[in-house]
Amino acid sequence: MGAIIIETSRDGYAPNQIHRTMTVGELVELLQDYEEDTKIYLSFDRGYTYGGISADCIREQEDEDDE
């Protein structure tokens with residue numbers, strides 16, 4: 001079993017500074033072909049640092065313009 005690496009970057013200091021990001025639907029569609037137990041990691045700085053995702057990391061924000 002492999003892993004999924006999401007290569008990302010830090011593009012702003014607030015969500016309203018990010019011009020494009022995936023929707024939940026787009027992410028679900030992208031991941032539906034992977035096995036359910038495939039681990040997902042975030043990659044920053046061209047693979048210099050990594051991070052994981054857990055349920056505790058997820059929070060809702062009412063309006064992107066609030067920040």
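For clarity, every value in this text was computed on a predicted model and none was experimentally measured.
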- In terms of heavy-atom contacts, G52 and C57 come closest through O-SG, 4.3 Å

- Between CD1 of I4 and CD of E35, what distance do you get to the nearest 0.5 Å? 10.5 Å

- Query: Is the side chain of Q17 donor-acceptor paired with the backbone N or O of Y13 at a distance under 3.5 Å, no angle test?
  - Reply: yes

- Query: How far apart are the closest heavy atoms of G12 and I18, and which atoms are they?
  - Reply: N-CD1, 3.7 Å

- Task: Mind checking salt bridge (charged side-chain N to carboxylate O under 4.0 Å, His left out) for E36 and listing every partner two or more places apart, or none if nothing turns up?
- Result: none

- Would you give the length of the straight line joining atom CD1 of I6 to atom CG of L42, rounded to the nearest 0.5 angstrom? 5.5 Å

- Message: Using a 6.0 Å cut-off, check whether atom OH of Y34 has over 12 heavy atoms from anything other than its own residue.
- Response: no

- Not counting sequence neighbours, which residues clear salt bridge (charged side-chain N to carboxylate O under 4.0 Å, His left out) with R10? List them please. D45

- Rounded to the nearest 0.5 Å, how far does OH of Y50 lie from CD of E7? 7.0 Å

- Message: Between L31 and I40, does the side-chain contact (heavy atoms from CB on, under 4.5 Å) criterion hold? Intermediate values first, please.
- Response: CA-CA 10 Å; L31 296 176; I40 300 174; 4.1 Å; yes

- Start with the C-alpha distance between L30 and M22, add both sets of side-chain angles, then the distance that settles side-chain contact (heavy atoms from CB on, under 4.5 Å), and finish with yes or no. CA-CA 10 Å; L30 181 70; M22 296 180 84; 4.0 Å; yes

- Message: Taking E26's backbone N and O only, do any of them form a donor-acceptor pair with E29's side chain (distance below 3.5 Å, no angle check)?
- Response: no

- Minimal heavy-atom distance between I5 and S43, with the atoms involved, is CG2-CB, 3.5 Å

- Message: Going by side-chain hydrogen bond (donor to acceptor under 3.5 Å, both in side chains), name the residues that satisfy it together with D56, two or more places apart in sequence or in a different chain.
- Response: none

